[in-house]
Protein chains: 2
Amino acid sequence: MGTRQEISAIPPDADLARADSLAREIFSDIANKWALLIIEFVGQRTMRFSELRDEIGGISHKMLTQNLRTLERNGLITRKVYATIPPRVEYTLTEAGQALRTVVDGMCGWTQHYLSHIETARRDFGQV
Amino acid sequence: MGTRQEISAIPPDADLARADSLAREIFSDIANKWALLIIEFVGQRTMRFSELRDEIGGISHKMLTQNLRTLERNGLITRKVYATIPPRVEYTLTEAGQALRTVVDGMCGWTQHYLSHIETARRDFGQV
DNA sequence: CGGCATCCTTTTCGATACTG
DNA sequence: CAGTATCGAAAAGGATGCCG
């Protein structure tokens with residue numbers, strides 16, 4: 001073993017690199033319009049599918065399903081199915097989800113707070 | 001005057017509705033992967049275009065330009081051009097941007113903190 | 001009611017080339 | 001170096017229909 005260093009060319013910090021790329025992946029999973037809105041709304045209280053759909057408004061059936069799956073896969077929400085007719089499915093934020101929700105709350109608050117600042121910036125933009 | 005109420009059919013809370021849709025628009029402007037990453041990096045210090053590009057990594061020339069414009073339009077960053085050769089353009093976070101950055105910091109922290117929780121959730125997902 | 005699959009449209013994105 | 005424009009590929013998104 002040994003004279004040929006270039007064969008095992010994997011850098012010693014390969015683990016770090018992997019964790020980093022995972023963090024990036026997760027970050028883009030949550031850093032998007034629908035995911036954050038869902039977290040914000042389902043964070044208010046446990047809701048069923050159609051409630052969420054109505055509360056959020058403007059989200060399609062498909063998008064909601066899709067995003068809920070991703071959130072569930074990442075351990076942010078839990079999905080509880082009641083085997084009734086008609087079916088009833090409830091979504092609840094996990095502890096990790098709640099933690100993220102406080103962050104999202106901050107974003108919503110920020111948006112409200114800087115609303116007029118942004119409108120001004122938009123008017124100034126371009127007509128310098 | 002008026003027996004004809006239905007002519008001015010604009011609801012009294014038309015302003016509220018407008019502010020709401022604006023808030024939604026701004027929210028989706030900032031609630032996306034690249035915008036948030038840019039805010040996070042340019043928040044560390046004033047950076048020029050190519051620095052940002054290198055620091056963020058994985059973002060294309062075009063995407064960076066595009067997102068920087070949107071952020072500027074919303075008053076989150078300022079753009080300073082030095083008329084030198086070669087040109088030098090520096091981007092800095094505004095006060096509003098700084099405020100948002102603290103929120104984004106929270107999101108980055110959250111991601112790091114729950115990394116292993118998410119990995120576990122992902123393994124469990126589907127093989128129930 | 002909620003989920004999944006399908007088709008089709010729209011948007012996003014990367015690569016490339018050209019300008020000041 | 002930074003910005004803009006264009007083009008084609010890829011992804012996201014909406015609408016619909018069928019199933020349990």
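This structure is a prediction, so every number in the text was calculated from the model and none was measured.
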Check your understanding: What is the distance, rounded to the nearest whole Å, between atom CD1 of Ile77(B) and atom C1' of dA2(D)?
Key -> 14 Å

Check your understanding: How would nucleotides 13-20 of chain D be written as a contact map, 5' to 3', with B for base contact, S for sugar-phosphate-only contact and - for no contact, using protein heavy atoms under 4.0 Å?
Key -> BBB----B

Review point. Which part of the nucleic acid, if any, lies within reach of Tyr82(B) when heavy atoms closer than 4.0 Å are counted: base, sugar-phosphate only, or nothing?
Key: nothing

Exercise for review: Determine which pairs satisfy salt bridge (charged side-chain N to carboxylate O under 4.0 Å, His left out) with at least one residue from residues 34-53 of chain B, sequence neighbours left out, and list them in order.
Suggested key: Glu40(B)-Arg101(B), Arg45(B)-Glu51(B), Arg45(B)-Glu55(B)

Practice item. Name the closest nucleotide to the Arg79(A) side chain, picking from dG2(C), dT4(D), dA2(D). Key: dG2(C)

Practice item. Using atom CG of Leu68(B) as one end and atom P of dG3(D) as the other, report the distance to the nearest whole Å. Key: 7 Å

Check your understanding: Got a donor-acceptor contact below 3.5 angstrom from the Thr92(B) side chain to the Thr46(B) backbone?
Key -> no

Exercise for review: Not counting sequence neighbours, which residues clear salt bridge (Lys or Arg N to Asp or Glu O under 4.0 Å) with Arg73(A)? List them please.
Suggested key: Glu25(A)

Do any side-chain atoms of residues 81-90 of chain B form donor-acceptor pairs under 3.5 angstrom with protein atoms, and if so which ones, sequence neighbours left out?
from	atom 1	to	atom 2	distance (Å)
Tyr82(B)	OH	Glu90(B)	OE1	3.2
Thr84(B)	OG1	Pro86(B)	O	2.8
Arg88(B)	NE	Glu90(B)	OE2	3.3
Arg88(B)	NH2	Glu90(B)	OE2	3.3

Point to revise | Any Tyr91(A) side-chain nitrogen or oxygen under 4.0 Å from OP1 or OP2 of dC1(C) | key: no

Practice item. Please map the stems of DNA chain D, keeping only stretches of three or more Watson-Crick or G-U wobble pairs with both distances under 3.5 angstrom. Key: C:2-20 with D:1-19

Check your understanding: Would you say dA2(D) has OP1 or OP2 under 4.0 Å from some side-chain N or O of Arg48(B)?
Key -> yes

Practice item. Kindly say if Thr84(B) contacts the phosphate of dC1(D), meaning a side-chain N or O under 4.0 Å from OP1 or OP2. Key: no

Practice item. Could you walk me through whether Ile118(A) and Leu22(B) pass the side chain to side chain contact (heavy atoms under 4.5 Å, CB included) test, one step at a time? Key: CA-CA 10 Å; Ile118(A) 293 165; Leu22(B) 178 64; 5.9 Å; no

Review point. For Phe49(B) and dG20(C), what is the distance between atoms CZ and C1' respectively, to the nearest whole Å?
Key: 15 Å

Point to revise | Short side-chain N/O contact to dG2(C) OP1/OP2 from Thr65(A), under 4.0 Å | key: no

Practice item. Just compare dC1(D), dT4(D), dG2(C) and give me whichever is closest to any side-chain atom of Arg69(B). Key: dT4(D)

**Study point:** Gln44(B) side chain reached by Phe41(B) side chain, heavy atoms, under 4.5 Å
**Key:** yes

Could you give the side-chain donor-acceptor pairs of residues 32-39 of chain A under 3.5 Å, partners two or more places apart or in another chain?
from	atom 1	to	atom 2	distance (Å)
Asn32(A)	OD1	Trp34(A)	N	3.2
Asn32(A)	OD1	Ala35(A)	N	3.1
Asn32(A)	ND2	Asp29(A)	O	2.8

Point to revise | Nucleotide dC1(C), atom P - distance to CE of Met47(A) in whole Å | key: 17 Å

Point to revise | Single-linkage hydrophobic cluster Met107(B)~Leu115(B), side-chain heavy atoms < 4.5 angstrom | key: yes

Exercise for review: Would you mind classifying the nucleic acid contact of Arg53(A) as base, sugar-phosphate or nothing, using non-hydrogen atoms under 4.0 angstrom?
Suggested key: nothing

Check your understanding: Hey, are Tyr114(A) and Glu95(B) close enough side-chain-wise for a donor-acceptor pair under 3.5 Å?
Key -> yes

Study note, to complete from the structure: When rounded to whole Å, the CG to P distance for the pair Leu64(B) and dG14(C) reads 11 Å

**Study point:** Length of the line joining Glu90(A):CD and dG3(C):P, which is rounded to integer Å
**Key:** 12 Å

Review point. Could you give the distance from CD (Glu72(B)) to CZ (Arg69(B)), rounded to the nearest 0.5 Å?
Key: 6.0 Å

Practice item. Would you mind reading off the distance between Asn32(B) atom CG and dA11(D) atom P, rounded to a whole angstrom? Key: 18 Å

